[in-house]
Each structure stands twice: as C-alpha cells, then as structure tokens.
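Let me begin by presenting the structure, written as structure tokens, before commenting on it.
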There are 2 protein chains.
Amino acid sequence: MARTTLADVAREAGVSVALVSIVMRDAPGASDVTRARVRDVADRLGYVPDQRARLLRSTDTRLLGVTFDLHQPFHGDLVEHLYAAAAEHGYDVAISAVAPSRDERSAVQALRRERCDALVLLGPDLSTDDLAALGTDLPTLVVARRSGTPEVAAVRGDDELGVGLAVDHLVSLGHVRLAHVDGGSAPGAEERRRGFVEAARRHGLDPWVLAGGATERDGVRATATLLEASTPPTGVVAFNDHCASGVLDALLRARRDVPRQVSVTGYDDSRLAVARQDLMTTVSQSAREMAERAVAGALGLLAGEPARDVVLTPELVVRSTTGPAPA
Amino acid sequence: MARTTLADVAREAGVSVALVSIVMRDAPGASDVTRARVRDVADRLGYVPDQRARLLRSTDTRLLGVTFDLHQPFHGDLVEHLYAAAAEHGYDVAISAVAPSRDERSAVQALRRERCDALVLLGPDLSTDDLAALGTDLPTLVVARRSGTPEVAAVRGDDELGVGLAVDHLVSLGHVRLAHVDGGSAPGAEERRRGFVEAARRHGLDPWVLAGGATERDGVRATATLLEASTPPTGVVAFNDHCASGVLDALLRARRDVPRQVSVTGYDDSRLAVARQDLMTTVSQSAREMAERAVAGALGLLAGEPARDVVLTPELVVRSTTGPAPA
DNA sequence: ACGGTGCGGCCGGCGAGCCCG
DNA sequence: CCGGGCTCGCCGGCCGCACCG
C-alpha cells in the first residue's frame, strides 16, 4: 500500500499538485470552493503530508531535538512542557530516549540524522568535551546541569540556593541537627552538597553529609546509617524526591513519626512528591518554566545569540513531611 | 550554517557525489584507500547523512513509530527494549509521547508525518473505532491491551491469569480474606478485576473488590476504606505496582506490619516494585519479551501476515510483601 | 573486470514566476 | 489588473546506466 501523496489527491480532485499543496498548508491562492473540494478529497484518501519531503525543501526543519532519560519522572514533566513550549513558537519536537541500554551518543546521533535545527539535552551525562564538540556544529542547550563550555547554553535551577531554602526552613522550625543524604555523583549532586554545607554553616550548625544517590534504595540505605547514630538528626535534606521517598520509607519502617520526630525534604517537586500518603515538602524547579526557558534559549542560539547560562530560582514547597523540631 | 551534504564532501575530497554516497552506505564499488579518504573528509566536515532525503527515495522507511505514556514507568521499560528489538531487525524507532497535555491523536499524527512503516501503541486509550481506522491504513499493533478489531494486532499479558497467580499465592499462604484494589477504568482493569473474582470463587472465597486506580493515591484512598472494615482483609491484590505502593504506604502509616499482618501484591514488576525498602511481590510482564513480540508482530503485519492477538503468560515474582496469613 | 565518473530521473513536497479570464 | 490556477525547478540523497582507464 503506497502512501497517498499530493499527486494522488491532485489527480483525484482534477487539479494541479501545487494547488493541493497550497490548500494543505492554508497558503493564499485558492478559492474557497476549490479549497473545500480539495480538502474533501484529501480526507477521503487519508492524505497526510510527508514531513520529510516538506522539510527537505527548506534549510530549517523547525524541529527541536530533545534527549531525555526514560526513567526519570522529572524528565517526563520537562518533555511534556517542551512539546507545548515548542509548539508555541511553531516548532515540532523530536524526542530520543536515553536508557541503560541506549547511551547518550546514540540518542544524539538519531536526532542529528533527523536534521533537527537545535538540540535540547535533559540532564546529559556527556563530558564537557563531547558537549563542546556537539555545540560547535549544532545549536545545543543543556537543561538541569551546567554546560561548562561557551558553545553550549544551559538552563538550570540554582541548586545551592534551593538546598539553602530547605535548610533555612528546617532551621526556622527549630531543627539544629541536620543531615544531607547526597546524590553521589549524579548531576547536580555537588552543587546541592555544597549548598547544604554552606547553609548549615551560615546558621552555625555542623553539616552532616551522608553518601546517598538518586534512587529510593539509596535513601533507604543512608537512613539505616542515620538511625544508628547516637543522636540522629531531626531534619533530613535528601538529594531528590526519589531519595527522600526512600528515607521516608525507612523512617516509617523504623517507626519514626514524620514529621513529629523527624522532618524530611525532597527536591524536584516531581509527581512522587505528591504520590505518597504524606505529601512531601520539597524544592520545586517548575518544569514548565524550565521548558519554556529551554525553548527560548535554543531558539535564541538559532537566531545567533551567544550561549547563555540561565539560572532559575527554585521555590520551597512546604507540605507535610516537615514540622517543628521535637522538644 | 548550512548543513554539509554529499556534494560538500565530494568537492572537498575531490571525488564524485555518487562515490561518496557509495562509501557512506558501505555499498560495493570503491577501493579501500578511497573509502578511507572519503570517510576522513566526511568526519572532518561533520557530515551526517540526511535521513529524510535518504528515505524519501525508497517506499519503506525502516522506521517503527511508537507512542507511549511519559509518566508510566512500565512504558519506559518497554520503549527501552523496543529500541533494542527493532535494531535487531534493522529498524529504527521514532517515539512520540502521550501526556495529559498531549493526546494520543497528536502523538499518532506526528508519527504518521514521519512516514513510519508501522505503529506500535503502548497501552493506548483510543476507541476501538479509531484504532480500526488507523489499522486499515497503517500496520498497527497495540501493546498491553486488547485490540478489539481484526485490523490491529496486539501483544498483551494474560491479566486474568496473572491476577489468578497472585490470588493462588495468597491462598496457599493461608489467606482467606482477600481484597482487590482495582484499576477503575484503566486499560486492563476489567480483566484483572474479573481474574480476581474468578480466582477467589475458585477457592471458595468471597471476593471483595474496592474502587481504586492506577496511582499511589488511589491505593492510599482504597486502603483507608479497607482499614475501616470490622474484619479487614489479610491479603490485598492491587491493580498495579503504583497502586500497591500506595497501599503499602497507607498500611505502614497505620502501623500495620507487612507481611506479618497484611500481605500485598502489585502488578507489572516495574522499577517501583524493587524501589521500596520492602521489595514487592508482584506479577511480572517481562517488558523485554513484550517488546520483542511487539516488534516481531509489527514486522509480521508489514510482511502481510494477518493481525494476531499474542497473549503472554505472566509470572509471579515472590518478594517480601507477602507472607503466611496471621493466625 | 573493477574502480571510478557523470548524467539523469526519482521521491514528495515547496515556491517563484507565469498565464488567463 | 488581480487572483485562481498551472508549470517548472529544486531540496539531498539513491540508483541505474553509459563510459573511461
């Protein structure tokens, strides 16, 4: 079954190919009656314009390539908003997934073959060198990490500040023994670790940092260590919502009352933060704003603007996993 | 910056366009030395073949279109394996996301414009009519749901049987008061509900079915009802892992010991099942096998085979959320 | 016979220019 | 002289073919 093309529609409607083309893309140059007739025939034949052929003609594809991690819910949120943000500027989005069995390079290569005008990489694991190389021959923007090279733009949250908000919040509730379950080597982990240490010091507290990670299990494991301490912390700042979820789980299992005995904060305000029974206090990165800034940034690059490093201010969302320090 | 094309490479290497084309697609007709030289120039210029132009020429695109739900972890697993399975048959995958703000139709339409050879829809919400219409002009296969129309193939787990496995397992552990937190109107919910009722009756038990849903919050809500009962069930079969996670959360909050007081089963064996501290007993659908069967099925359709309904046998994975019934 | 060239035509759209009532 | 409509060339590869060393 050969696909129906403009020519098929034209033949069936008894007009020229060009005319059908005009009708299909709502361009001026056809009377309303013909328009209606052509539309009709096209619908009847199930005609769908061939994006590839269409774009072949013009130098730009109005296509934004996006790589994302299949298993990161926050990336899902970002992708969703990227579709919307791109559409607002008349751009389409081509997504390419990264997963344990599919590395960043393959994902990027697939997009390059699609001739995307620009690339938006969500929390990529690429080295700065690879990134720089990519950036020199294709407008590239990274989200949720530092670009590290002048060729590549970035949109990210101010992680140091964000973690600081969580610490300030806990301190204002009277907590004096705080711990941070960190993200190990995950992107952003270093900034958050630093943010925690600095904020704690600012309040004259002793910062306790535990090795954690980006998953529930990491949170569970770190919590085991926490609970063994002679004087466990009353406030735990977790690397992200996943990690925090593990911390909460472990605390609950150990019969600790959250938030009466221990307060816990997450990071990202992902779906997870509101999935649990106890709604999580967390730091929100506003996926929508990030997505919008990312699209704007990528289009800026396309327009020849220099690569910028946009840092968004995160917000603390107080829910029910934090409360006054126990007496 | 105009993209580099075959012509650019040819000019730079001092050879003909046709020859470069031959080299780039590893076709016979060039000496090894020339091959190396051309490759070199191509790399230096950062040449990437234009997929669109290339495919424009041939009728088939060797491209498999896949729609999936951005926020369903199991879909993530499937997509990951679909990439691999498709690659094994020399096919590429184009993915298109479905999300609250992006409906199934848009996702499908985007893939049609890409001229995919066939469509694989993961747990689509489309009506049978829409599906049939789609299936008549493009080889289409649905995963994790019944197709309901002879034009569209399907690959799905035997949900009735799967839930039966969970029930059998609980019964064998001595449980006699079982409840099912169902999936409401989610795809597959009806089959699982039926599977639960039938399995319970088979064992001479009274099936208790509660209105649930596909999310943690649904599990939490349903559990509240369960706990109010004068004689709460000792075994809970949840619609899926998400829902089960909510059930576990609520039970833990209510100081119920899992599995000593209550046993809980999930469904899907998603990452979530092993994310929690207490590893979840759940019914596994083997994303890899599903993906492989889906690709095989789609390619079968392409080869002119009739649409089949492949039903895979799920397996029970016993972990630590189920145990002997309390005395 | 094999490595290589050059010439068209094709795919499915797009758009400039032209023609005619 | 304008607007509906058509003709034609082009985008970037692929492919067959004639032709040369």
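No experiment lies behind these values; they were computed from the predicted model shown. Chain letters run A, B, ... following the sequence lines, proteins first, then strands; residues in each count from 1.
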Under 4.0 Å from OP1 or OP2 of dG13(D): is there any side-chain N or O of R25(B) that close?
no
Kindly state each residue pair satisfying side-chain hydrogen bond (donor to acceptor under 3.5 Å, both in side chains) with at least one member in residues 295-305 of chain A, sequence neighbours excluded.
none
Does OP1 or OP2 of dG12(D) have a side-chain N or O of Y47(B) closer than 4.0 Å?
no
Do L121(B) and L134(B) touch side chain to side chain, with heavy atoms closer than 4.5 Å?
yes
Could you go over nucleotides 4-9 of chain C and give all protein N or O partners under 3.5 Å, atom names and distances?
| unit_1 | atom_1 | unit_2 | atom_2 | d |
| --- | --- | --- | --- | --- |
| dG4(C) | OP1 | S31(B) | OG | 2.7 |
| dG4(C) | OP1 | T34(B) | OG1 | 2.1 |
| dG4(C) | OP2 | S31(B) | N | 2.3 |
| dG4(C) | OP2 | S31(B) | OG | 3.4 |
| dG4(C) | OP2 | T34(B) | OG1 | 3.2 |
| dT5(C) | OP1 | S16(B) | N | 3.3 |
| dT5(C) | OP2 | S16(B) | OG | 3.0 |
| dG9(C) | N2 | R57(B) | NE | 3.3 |
| dG9(C) | N2 | R57(B) | NH2 | 3.0 |

Candidate pair R156(B) and E191(B), rule salt bridge (Lys or Arg N to Asp or Glu O under 4.0 Å), full reasoning
CA-CA 11 Å; R156(B) 57 195 177 88; E191(B) 284 84 354; 5.2 Å; no
Using a cut-off of strictly less than 4.0 Å, decide whether T5(B) has a side-chain nitrogen or oxygen near OP1 or OP2 of dG12(D).
no
Does anything in residues 76-92 of chain A pair up under salt bridge (Lys or Arg N to Asp or Glu O under 4.0 Å), and if so which pairs, sequence neighbours excluded?
D77(A)-R271(A), D92(A)-R113(B)
What pairs meet the side-chain hydrogen bond (donor to acceptor under 3.5 Å, both in side chains) rule with one or both residues in residues 16-33 of chain A, with sequence neighbours excluded?
S21(A)-R25(A), D26(A)-R39(A), S31(A)-T34(A)
Whether the side chain of T149(B) engages the backbone of A132(B) through a donor-acceptor N/O pair (distance < 3.5 Å, no angle test) should be reported.
no
Given the rule in the salt bridge (Lys or Arg N to Asp or Glu O under 4.0 Å) test, do D125(A) and R145(A) qualify, once you have shown the distances and angles that lead to the verdict?
CA-CA 9 Å; D125(A) 231 353; R145(A) 85 164 241 193; 5.6 Å; no
Under 4.0 Å between a side-chain N/O of R115(B) and OP1 or OP2 of dG13(C), yes or no?
yes
Does anything in residues 285-294 of chain B pair up under side-chain hydrogen bond (donor to acceptor under 3.5 Å, both in side chains), and if so which pairs, sequence neighbours excluded?
D268(B)-Q285(B)
Axis-to-axis angle across the helix from dC2(C)-dG21(D) to dG21(C)-dC2(D), five pairs an end, to 10 degrees?
40°
